[in-house]
Structure formats: C-alpha cells, structure tokens
Number of protein chains: 2
Amino acid sequence: MKKNTLGSLIWLRMMRFTHESNNLSNEFLKQFDLTTAQFDVLLQISIFEPITQSELAEKVTVTQGGISRMLTRLEQEQLIARHQDWKTKFISLTPKGNEKLNNAFEAQLAFQSSFFDETLTKEEQKILYKLISRVQKSSEQRSK
Amino acid sequence: MKKNTLGSLIWLRMMRFTHESNNLSNEFLKQFDLTTAQFDVLLQISIFEPITQSELAEKVTVTQGGISRMLTRLEQEQLIARHQDWKTKFISLTPKGNEKLNNAFEAQLAFQSSFFDETLTKEEQKILYKLISRVQKSSEQRSK
DNA sequence: AGTTATCACTTTACTACTCAAATGATAATA
DNA sequence: TATTATCATTTGAGTAGTAAAGTGATAACT
C-alpha cells in the first residue's frame, strides 16, 4: 500500500475541485453565452484596459498563441476591440462587451462564492484565502 | 470599480494555482515520460484495480470518451491491460505500468508536497486540507 | 426463435489549447 | 537607402478533451 503525503492529498482535492467547479461554471455561464475562460478574460480586460495581449496572457495563464485565438473569437463577437499601436495591440472592452460582463458579473460571482458559502463560515473562508494565496504566489514565482 | 466577494477571490487563486502547478507538474514528469493526467490515472488504477472504465472515469473526472482514448494510449504503451468480461472492461496495471508508477511515485508526491511545504507549516496544511476537503466534497455532490 | 432493450465502451465531429515557426511593422545599422 | 534585427502577434501542426451518436454483446420480452 502506497503512502500519501498531506501535501499530495491537498493537491488532489484542489485539482478535483477546480475541475468540477469549472465544469459547473461553464454550465452556469451558458445562460450568458460565455465560458468560464471568456468571463475571466473579459473581467481582466475590464480591470486593466487598455492592456496588451502578452500582459493579458500572463494574467490568465494562457500562452500567447492561446490568447491570440481567444481574442480573435471575442473580437468577432464584438465584445472587445484591438487597437494597434506600432507592434503592440491594446485590448479594451466594447460597450457590448462591457454590457455582457456587467450582466454576468454578479451572478457569476455569486455562483463562485456559493461553493464556499455553502460549506465554510466567513472566518474559515478568510483562513482559506490566506493559505491558498501564499501557496499560489509561491507557485507563480516558480512558473517563471 | 467592481466589488469582489471573498469566495470569488479564493476561486481565482485556486484556479491559478492548479493551472500553474499542473503545468509545472507536466514539466516535472517528463523525466518519467508521463503527464500529470496519466500519473493520476495510473495511480487510481493501482489503488482500485481491477476497475471498470466508467468507475475510473468518475474517479478522475474525465468523460467516458476521454477515458476510452486515454486508456487506448496507455494500452499501446503497455502500461495497462483491459480484460473484457461480457460488456465490461476491467482495467489493471501491467508489470511495466506498475514499475513506471513506482519509479515516479515518490518523486511526484514529493513534488506535489513541495508546493505546500515551501509556504505552510504542518498545522496550516492540516487546516487547509480540512477546509478544501469540505468544499470539494460539496462540489462533487453538485456535479451529479 | 425472433425482435427489442440495455449498457459499457468506442468513435465522430468539434473545440480549445500547446509549442514553435512565420509574419509584419518599425528601429538600428552600414 | 538598403539590410538586418527586434519583438508582439499570428498561424500551422499536433494533442487532448467534450457531447452525442454508434457499436456489439447479451438479456428480456412476445
């Protein structure tokens, strides 16, 4: 019988949770005709616009190529605009994109929160946030 | 300025962390010629063998179709065997698969653990495990 | 006995990602 | 002014996942 470490158990639970909740979130966002990834990207743009593609790629942990294709789709749907300045393309939300994000925003945040509100007290959530933040920041460092 | 909820902040951190650490893990497992998903599947098989494909699919949160392809690949590399009994295929590790898993096992668990050992005390890890377990179990319920 | 239902698994068509080579606009150099 | 370098973005080829239709072996009716 193989012996697990505490860390590996945490790792497994987190992987399962993010996978399951990502699926549920995709299902949920269908009503707004969005995917979880698209919501994430639109939200980041709304916070940081105007932002370049490479900066955006880094924020959402997708490769350059991935972002390029993703934005092409979002541009086709007229949710974002790319304004080229020399070699850099600055991304911003169109009014339509902004409206779509605003429509989905509250519902999606409530949806995300529900996973934690259902099972944890406010105090526990604060603790969880502190712990996971430390872990995430250190893995972010490692990724470079 | 949009207002985040605590839950949505936790959600984002977790998504980022699992994505980053999954990438790092894939990189790490290259030395064993495995992906994170394959390691996960081989480990589940070693624990539950003989196991059917649908049971396995549920354990690793991949669809039936996904598992079917994945196992076809693993079978081609002779890491697993499928033994058909009526309509059900029972999956088990081959000696080669078992050896490969054993080779990678300790290193991979140490690797997974390192994310938490680096930043959290043993006590904090226990707390994190308890909290994330509760959250994951409830999302698992919802997935059905 | 012949038809229909069931059920685990496979396959098709599609999507979205990856890496790495190509593109294209400008800057720097000769 | 022609050539080369730079660098953000795009694109080509490949991989791995999904949903849903298809397959095939057996069970269960009529």
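For the numbers below, each heavy atom of this structure counts, side chains included, while hydrogens, waters and symmetry mates do not. Every chain is numbered from 1 and lettered A, B, ... according to where its sequence line falls, protein lines coming before strand lines.
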Strictly distance-based, threshold 3.5 Å: is any side-chain N or O of B:Glu55 a donor or acceptor partner for the main-chain N or O of B:Thr52? yes
Under a 4.0 Å threshold between the charged nitrogen and the carboxylate oxygen, would A:Glu123 count as salt-bridged to A:Lys126? yes
Looking only at side-chain N and O atoms, does B:Arg82 come under 4.0 Å of OP1 or OP2 in C:dT10? yes
Please report the distance, rounded to the nearest Å, between CD in A:Gln76 and P in D:dT10. 12 Å
Going 5' to 3' through nucleotides 13-23 of chain C and flagging B where a protein heavy-atom sits under 4.0 Å of the base, S where only the sugar-phosphate is that close, and - otherwise, we get B--SSBS----
Whole-Å distance separating the NZ atom of B:Lys30 from the P atom of D:dT15: 13 Å
Check ion pair A:Arg82-A:Glu75 (N to O, under 4.0 angstrom): yes
From C:dT10, C:dC9, D:dT11, nucleotide with atom closest to B:Ser68 side chain: C:dT10
For B:Phe17, does its backbone N or O pair with a side-chain atom of B:Ser21 as donor and acceptor, under 3.5 Å? yes
A:Arg134 with B:Glu124: basic N within carboxylate O range, under 4.0 Å: yes
Is the distance from OP1 or OP2 of C:dT10 to the nearest side-chain N or O of B:Thr72 less than 4.0 Å? no
Distance in angstrom units between B:Gln53 CD and D:dT23 C1', rounded: 14 Å
Quickly work out the A:Leu71 CG to D:dA8 P distance and round it to whole Å. 16 Å
How many Å lie between CZ on A:Phe90 and P on C:dA25, as a whole number? 17 Å
Applying ring pair (Phe, Tyr, Trp, His ring centres under 6.0 Å), name anything that partners B:Phe28, two or more places apart in sequence or on another chain. B:Phe111
Figure out the CD1/C1' separation between B:Ile51 and C:dC9, and round it to whole Å. 15 Å
Atom pair distance, as rounded to whole Å: NZ in B:Lys89 and P in D:dG24: 12 Å
Does A:Glu20 pair with B:Arg142 as a salt bridge, N-O distance under 4.0 Å? no
Please report, rounded to the nearest Å, how far the C1' atom of C:dT10 is from the CG atom of B:Leu56. 16 Å
